[in-house]
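This one's a predicted model, so the numbers in the text were calculated from it and none came from an experiment. Positions are given from 1 along the sequence.
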Amino acid sequence: MVNPKVHALLNQQINKEFYSAYLYLDFSNYFKAKSLDGFANWYMVQAQEERDHAMLFYTYLQNENMTVTLEAIDKPDKTFECDMDVLKAGLEHEIYVTSLINDIYAAAYEGRDFRTMQFLDWFVKEQGEEETNANDLISKMELFGSDPRSLYLLNQELAARVYTAPSLVL
C-alpha cells in the first residue's frame with residue numbers, strides 16, 4: 001500500500017508533468033514563431049516525453065489501486081527576451097522537477113514504501129539525463145548561437161530528434 005503522503009505527492013507529480021508538457025509546448029511555439037523549426041521540434045519531443053511521464057505516474061497509481069486526482073494545469077507564464085532565455089528556463093525547470101522527484105523519493109524512503117522507490121529509480125536516472133540534455137543545449141547555443149551558419153546547423157541537428165517512448169515497465 002502506498003503511504004498517504006507519497007500518494008499525495010505522486011498525484012501532484014502527475015499535474016507537474018502535464019505542466020512540464022505545456023511549458024515545453026510553449027517553448028516550441030516560441031521557436032516556431034522564429035522559424036527555428038529544429039528547436040521547435042526539440043521542445044515538441046520534450047513535451048511528448050513529459051506527457052508520457054505523467055501517464056507513467058497515473059498508471060502506477062492505478063496499478064497500486066490508488067485514487068488518481070487530476071487538477072487544473074497552470075498556463076505557462078514566462079516571457080523571453082532571447083533564445084538563450086528559453087534554454088535557461090528549460091534547465092531551471094528540469095532542476096525543479098528533479099527536486100520534486102527527490103522529495104517523493106525521500107517521502108517513500110521515510111515511509112518504507114520500497115515499491116514506489118523502485119518505481120522512482122527510473123525517474124531519478126531520467127532527470128539526470130534531462131538536466132544533462134538541457135545543459136548541453138545551452139553549451140551548444142553559447143558556442144554556435146551567435147553565428148547564423150552555425151545556428152542553422154544546430155537547428156538542423158535538433159530537427160533530427162525523434163520521440164522514443166519510455167521503456168519503463170509498470
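In this structure, Y19 OH and D26 CG are separated by 8.0 Å, a value rounded to the nearest 0.5 Å. Separation of atoms CG (L158) and CE (M44) is listed at 14.0 Å; rounding is to 0.5 Å. Here the straight-line distance linking atom NZ of K140 with atom CG of N135 works out to 12.0 Å at 0.5 Å rounding. Separation of atoms CG (L56) and CZ (R51) is listed at 11.0 Å; rounding is to 0.5 Å. Here the OG1 atom belonging to T116 is positioned 6.5 Å from the CG atom belonging to L120, to the nearest 0.5 angstrom. A distance of 5.5 Å separates CH2 of W42 from CG of N133, quoted to the nearest 0.5 Å.
Residues L61 and I14 have side chains in contact (heavy-atom distance under 4.5 Å, counting atoms from C-beta outward). Residues K78 and H93 have side chains not in contact (no heavy-atom distance under 4.5 Å, counting atoms from C-beta outward). You'll find the side chain of Y43 reaches within 4.5 Å of the side chain of L87, heavy atoms only. Taking the side chain as every heavy atom from C-beta outward, I101 and V124 approach each other to under 4.5 Å. For the pair D83 and Y30, the minimum side-chain heavy-atom distance is below 4.5 Å. Side-chain atoms of N15 and N11, non-hydrogen and from C-beta on, never get closer than 4.5 Å to each other. E49 has its side chain out of reach of P166: every pair of non-hydrogen atoms, C-beta onward, lies at least 4.5 Å apart.
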* To do: Decide side-chain contact (heavy atoms from CB on, under 4.5 Å) for I138 and E142; before the verdict, give the C-alpha distance in whole Å, the side-chain angles of both, and the deciding distance to 0.1 Å.
  => CA-CA 6 Å; I138 290 169; E142 287 172 344; 3.7 Å; yes

* Might you work through the side chain to side chain donor-acceptor pair (under 3.5 Å) test for Q46 and R161, ending with a clear yes or no? => CA-CA 10 Å; Q46 280 299 110; R161 184 179 187 202; 2.7 Å; yes

* **Test log, rule side-chain contact (heavy atoms from CB on, under 4.5 Å), inputs L10 and I104** => CA-CA 7 Å; L10 290 168; I104 301 169; 3.8 Å; yes

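Salt bridge K32/D37: present, at least one basic N to carboxylate O contact under 4.0 Å. Look at R115 and E64 and you find a salt bridge, because one of the NZ, NE, NH1 or NH2 atoms lies within 4.0 Å of a carboxylate O, short of that distance. Under 4.0 Å is where a charged nitrogen must lie from a carboxylate oxygen, and between K16 and E71 no such pair does. With respect to K88 and E81, no salt bridge is recorded, no charged nitrogen being found less than 4.0 Å from a carboxylate O.
One hydrophobic cluster holds both L137 and M84 under the rule that ILVMFWY side chains link at heavy-atom gaps under 4.5 Å. Linking Ile, Leu, Val, Met, Phe, Trp and Tyr residues whenever their side-chain heavy atoms come within less than 4.5 Å places L9 and F114 in a single cluster. With hydrophobic clusters built from ILVMFWY side chains whose heavy atoms lie under 4.5 angstrom apart, V86 shares a cluster with L154. A single hydrophobic cluster is seen to contain both V68 and M66, as judged by linkage of ILVMFWY side chains at heavy-atom distances under 4.5 Å, directly or through other members. Under a hydrophobic clustering in which Ile, Leu, Val, Met, Phe, Trp and Tyr are joined whenever their side-chain heavy atoms come within less than 4.5 Å, directly or via other members, V97 and I95 fall into the same cluster.
Checked against the 6.0 Å centroid criterion, the rings of F123 and F57 qualify as a close aromatic pair.
Ring planes of Y24 and F27: perpendicular class, angle over 60° (limits at 30 and 60°).
Heavy atoms of other residues, nucleotides or ligands lying less than 6.0 angstrom from CZ of F80 number more than 12. More than 12 non-hydrogen atoms from other residues, nucleotides or ligands lie less than 6.0 angstrom from CE of M141. With a 6.0 Å radius and a threshold of 12 heavy atoms from other residues, nucleotides or ligands, Q62 has its CD atom above the threshold. Within a 6.0 Å radius of CD in E129, other residues, nucleotides and ligands contribute more than 12 heavy atoms.
One side chain, E17 or Q13, offers a donor N or O that lies under 3.5 Å from an acceptor on the other. Side chains of Y105 and D121: a donor-acceptor N/O pair is present below 3.5 angstrom, by distance only.
Shown here for A159 and N41, the closest heavy-atom pair between the two residues is O-ND2, 3.3 Å. Scanning all heavy atoms of the two residues, the minimum distance from A40 to S28 falls at O-OG, 2.8 Å.
The closest donor-acceptor contact from the side chain of N155 to the backbone of G38 lies under 3.5 Å. One N or O on the side chain of H7 and one on the backbone of T67 form a donor-acceptor pair closer than 3.5 Å.
Checking Y60, W122, F18 one by one against H53, the ring pair (Phe, Tyr, Trp, His ring centres under 6.0 Å) holds for a single residue, W122.
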